[in-house]
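Here is the structure we will look at, set down as structure tokens.
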Amino acid sequence: MKQDRVTKQRKTIYYVSQGRAIHRMVALYTPMEDLIAENDRRCEDGDSDATVEQDRYQHGYIELCKTLPWIHQKLTNVDHEESEEMLRKLKRGADSACGDDTGTLKELVASWVNIEHNPTPLLRTDDKHHRGFVNDECGRLLCPAEWRWDDPTVRAGIRDRTAAYIISENSWPIFMYEGYEASVKNLERGLMKSKLLVMGFKAIFTSPSSANEVDGDGDGADILENNRRARRRSDQARVKTCVASIIGMRKVSPRAIAYTACQVRFALSNITSWRTVDADFDYQLFWNNIVDFFEDAPGPAARARVNVLLEWWTRKVFG
């Protein structure tokens, strides 16, 4: 009996630990059961008439198997009850990691905004009530790229939630753009290349201290020497193993960017507890939109552009 309890406890620890990567790398909202069900459906029926959502689920299952290489074989070898128990423990780890990241970025994003934008008054790192659109700098970063926050009509419309200025997941916020500027004639230019987004990614995946090594919005060459210095430092002192090393991440993935964007957006908002919908903004659909931007790019030219963008990200994060 004692041996059984020890074995069960070890399994629990293992599954919870492994689950910490799931929201970060696989799916922020979609249950693992839905990803598994879609893969089973395709094994039986094929993918000839798959919807965009079903394709997203199947990509999610593939990412799940990349992140947890043992899980496909495990699912085929256990009964339904054991499978459900395993998935519950994995989800517990996923939710725990998401909560940890939310708490970390709550403080870090406020500090970064204070340093880079110098708002008056400065943002408190321990309180979110004065963030969001009530705050000029947070509002500027959260403002949809097609609008100008400096326009008093825009600011008032957003704050009053008038019909002409509804904030939804269908617009890219300016914090996602290189230099926090966007061209209304080409809203793809500079998208997903902001310093704040890269800093958020590094804080989650390579360590909060490494986020400070991000220098501007350049093409990634600036990060090479920073990474060399970091490696030299790690040779001289023991450092805590980072998330990227634990999960074997060597390249930046679309779903990891989507997860980071949701976390940064939440940190800039004045919402104090994690929720799917913030007024008219739906985080699940926002995550979907970012993932589809990469995974469902329309045509060869768009796919080439997103591949170049992912290479830029990998260069910025890993050198």
Side-chain angles (χ1 to χ4, degrees), residues 21 23-26 28 63 66-67 101 104-105 108-109 111-113 115-117 141 145 172-183 186-234 239-268 286-287 289-291 293-295 297 302-319:
H23 286 332
R24 291 162 167 167
M25 296 291 295
V26 179
L28 180 52
E63 290 301 318
K66 287 181 182 177
T67 304
D101 293 337
T104 297
L105 289 182
L108 288 179
V109 168
S111 298
W112 298 335
V113 171
I115 292 168
E116 191 166 359
H117 300 277
L141 292 166
W172 300 120
I174 204 69
F175 80 80
M176 299 178 70
Y177 282 85
E178 183 176 10
Y180 313 114
E181 294 182 354
S183 168
N186 183 3
L187 287 174
E188 193 176 321
R189 184 189 302 159
L191 180 61
M192 316 276 183
K193 297 180 75 173
S194 81
K195 180 179 179 181
L196 188 60
L197 201 53
V198 175
M199 291 176 78
F201 189 101
K202 295 201 67 159
I204 292 169
F205 289 98
T206 62
S207 80
S209 60
S210 72
N212 297 323
E213 295 164 359
V214 175
D215 185 16
D217 303 284
D219 64 2
D222 57 296
I223 206 69
L224 294 175
E225 182 56 32
N226 286 333
N227 284 349
R228 292 190 191 102
R229 286 197 296 267
R231 283 194 290 270
R232 286 197 294 270
R233 285 197 300 271
S234 69
V239 294
K240 184 178 179 181
T241 304
C242 69
V243 171
S245 295
I246 292 171
I247 63 179
M249 176 191 275
R250 296 293 179 268
K251 295 181 179 180
V252 175
S253 69
R255 289 166 185 251
I257 295 173
Y259 174 80
T260 301
C262 287
Q263 287 281 8
V264 171
R265 205 267 176 195
F266 180 79
L268 289 168
F286 182 56
W287 185 92
N289 288 343
I290 297 172
V291 170
F293 174 84
F294 288 98
E295 295 182 354
R303 284 195 294 272
R305 289 196 299 274
V306 298
N307 286 337
V308 169
L309 180 57
L310 287 171
E311 290 171 1
W312 179 90
W313 264 93
T314 296
R315 210 162 51 241
K316 282 294 262 185
V317 174
F318 298 111

Determine whether Trp112 and Val109 satisfy the following criterion, side-chain contact (heavy atoms from CB on, under 4.5 Å), listing intermediate values before the conclusion. CA-CA 5 Å; Trp112 298 335; Val109 168; 4.1 Å; yes
Do Ile204 and Val243 come close enough that some side-chain heavy atom pair is under 4.5 Å? no
Taking all atoms of both residues into account, what is the closest heavy-atom pair of Phe175 and Ser194, and its distance? O-OG, 2.5 Å
Met249 CE to Thr67 OG1 distance, which is reported to the nearest 0.5 Å: 8.0 Å
Within a strict 4.5 Å, meaning less than it, do heavy atoms of the Leu268 and Val113 side chains meet? yes
From Thr260 atom OG1 to Phe205 atom CZ, the distance as rounded to the nearest 0.5 Å: 5.0 Å
Within the 4.5 Å heavy-atom criterion, are Val308 and Trp312 side-chain neighbours or not? no
Is any side-chain heavy atom of Tyr180 less than 4.5 Å from a side-chain heavy atom of Leu196? yes
Lys316 side chain reached by Val252 side chain, heavy atoms, under 4.5 Å: no
Could you pull out the closest heavy-atom pair between Arg250 and Thr314, with the gap in Å? O-CG2, 3.7 Å
Could you grab the distance from atom CE of Met199 to atom CG of Leu105, nearest 0.5 Å is fine? 10.5 Å
Where is the tightest heavy-atom contact between Gly200 and Val264, given as atom of each residue plus distance? CA-CG2, 4.3 Å
Indicate the atoms forming the closest heavy-atom contact of Leu187 with Ala182, along with that distance. CD2-CB, 4.3 Å
Would you say the side chain of Phe318 lies within less than 4.5 Å of the side chain of Trp313, judging by non-hydrogen atoms? no
Quick one: are Trp287 and His23 in side-chain contact, heavy atoms under 4.5 Å? no
If only side-chain N and O atoms count, and only distance matters, is there a donor-acceptor pair under 3.5 Å linking Tyr259 with Gln263? yes
Ion pair check, Glu63 and Arg255, cut-off under 4.0 Å: no
About how many Å separate CD1 of Ile247 and CZ of Arg24, when rounded to the nearest 0.5 Å? 7.5 Å
Ignoring hydrogens, what is the shortest heavy-atom contact between Leu310 and Ser253? Give both atom names and the distance. CD2-C, 4.3 Å
Note: Val306 and Phe293 closest approach over all heavy atoms is CG1-O, 3.6 Å
How long is the span from the NZ atom in Lys202 to the CD atom in Glu213, to the nearest 0.5 Å? 5.5 Å
Quick one: CG on Leu197 to OH on Tyr177, what's the gap to the nearest 0.5 Å? 12.0 Å
Is any side-chain heavy atom of Ile290 closer than 4.5 Å to one of Met192? yes
